[in-house]
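Below is one structure, written out as structure tokens; the observations come after it.
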Amino acid sequence: MFKKSFKYYKSRKPPPNLTQVLDFLKSEDLLCDNKIKKVPLRMTNLDPFFGLKPLDTWEVYEIVAMPGLLFVKNPFTNLGQRYWTVRCLRDYTKRPNKSNLDPFNKPEDTKNWWDICQNGNKLLLDKMRWVTLGYHHNWDTKVYTENNRGQFPTDLKHMTEFLAKVLGFEQFSAQAAIVNFYHLNSTLSGHTDHSERNLNAPLFSLSFGQKAIFLIGGQQLEDQAIPLFLHSGDILVMSKDSRLNYHGVPKILQGDVSEWSSPESESVPNEYDDVVKVCKDNSAWKPFGDYLKHSRINVNVRQVLFDGEIQLSEEINVF
Ligand SMILES: O=C(O)CCC(=O)C(=O)O
């Protein structure tokens, strides 16, 4: 079922009928049809977090047919969306973080991909596919190891752990992330995320830029799959029974740019100041905004270790 649905939504000729794709912009209809249910926030008394809207405005839903699959309808401010876009493109793509372009760059090459793209090499812009942060995902072995671990960005750690607290996952610790860069013709085929030692910890998936059709099935490929739209700013949480479900992205669709069009004024803690300057300066922001007009960025944050563990032990590195 998963493969058949994936092929259907991936198709360009003929294009798929999108009426069955869950669209949380029409959440009232989905609630009426019992496709989703509202989830109350578990903590509402936390101080506001930079780049996120006030907690009393958040809308969180669970997909009824997929227990544990939570959807947070864009809780980011426009400034917040700009902030994470700049971090992903300009900063997280830098070494020592790992990316799909590493094999093509010489180790002594200190130039950054984003800077090279700004200096006229537009061809390179579409070549970035992924970057890994913290425990680096090994695409061949699918095994995390202690000697393939980098520093996890503090701002991303704080933001995802704030999200986790609000949603009732107080123990969540952000230790690994994959940042996926999608163009309008990119897809991500169906897979399960099972490399983390701790499979009870939820997985947080943040989307920025153009909208995607996200397809999620069950733990077996034969299980029925559900398509849903992910718009800029939306967050998906795969937890509990849905944590190990097959999922993928069969299509990216061009949408509008309003989600990040004009940054509002909000108080900015000192440590975010440098990036916020870029977000608020129209000419400095322009290349990032231009990128988002035809691309999607997905940030996928995971906990690898069990609560209280500080590193992977030797024995689980041997496969
Ligand atoms: O882009 C997405 O929404 C999903 C990404 C994903 O499934 C992954 O990185 O494992």
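FYI, the numbering just counts along the sequence from 1. One-based numbering, in listed order, for ligands and for the atoms of each. Bear in mind that the values here come from a model prediction, so they are computed numbers and not experimental data.
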I'd like to check which ligand 1 atoms, numbered from 1 as shown, lie under 4.0 Å from a non-hydrogen atom of N180. 5 (C), 8 (C), 9 (O)

If we number the atoms of ligand 1 from 1 as shown, the ones under 4.0 Å from a heavy atom of R296 are 1 (O), 2 (C), 3 (O)

Establish, from distance only, whether the side-chain atoms of S205 and N298 form a donor-acceptor pair under 3.5 Å. yes

If I apply the N/O under 3.5 Å rule, does Y182 come out as touching ligand 1? yes

Got a sec: does the CD of E264 have more than 12 other heavy atoms crowding it under 6.0 Å? yes

For K37, does the NZ atom sit with more than 12 other heavy atoms under 6.0 Å from it, leaving out its own atoms? no

Reported CG-to-NE2 distance for the pair D126 and H294, which is rounded to 0.5 angstrom: 6.5 Å

If you measure from each non-hydrogen atom of D193 to ligand 1, which part falls under 4.0 Å: side chain, backbone, both or neither? side chain

Output the list of atoms in ligand 1 that are nearer than 4.0 Å to some heavy atom of H191, sorted by atom number. 6 (C), 7 (O), 8 (C), 10 (O)

Under 6.0 Å from the ring centre and within 45 degrees of the ring axis: does the NZ or CZ of K251 meet both conditions for the six-membered ring of Y9? no

Any atom of ligand 1 sitting under 4.0 Å from a heavy atom of R302? yes

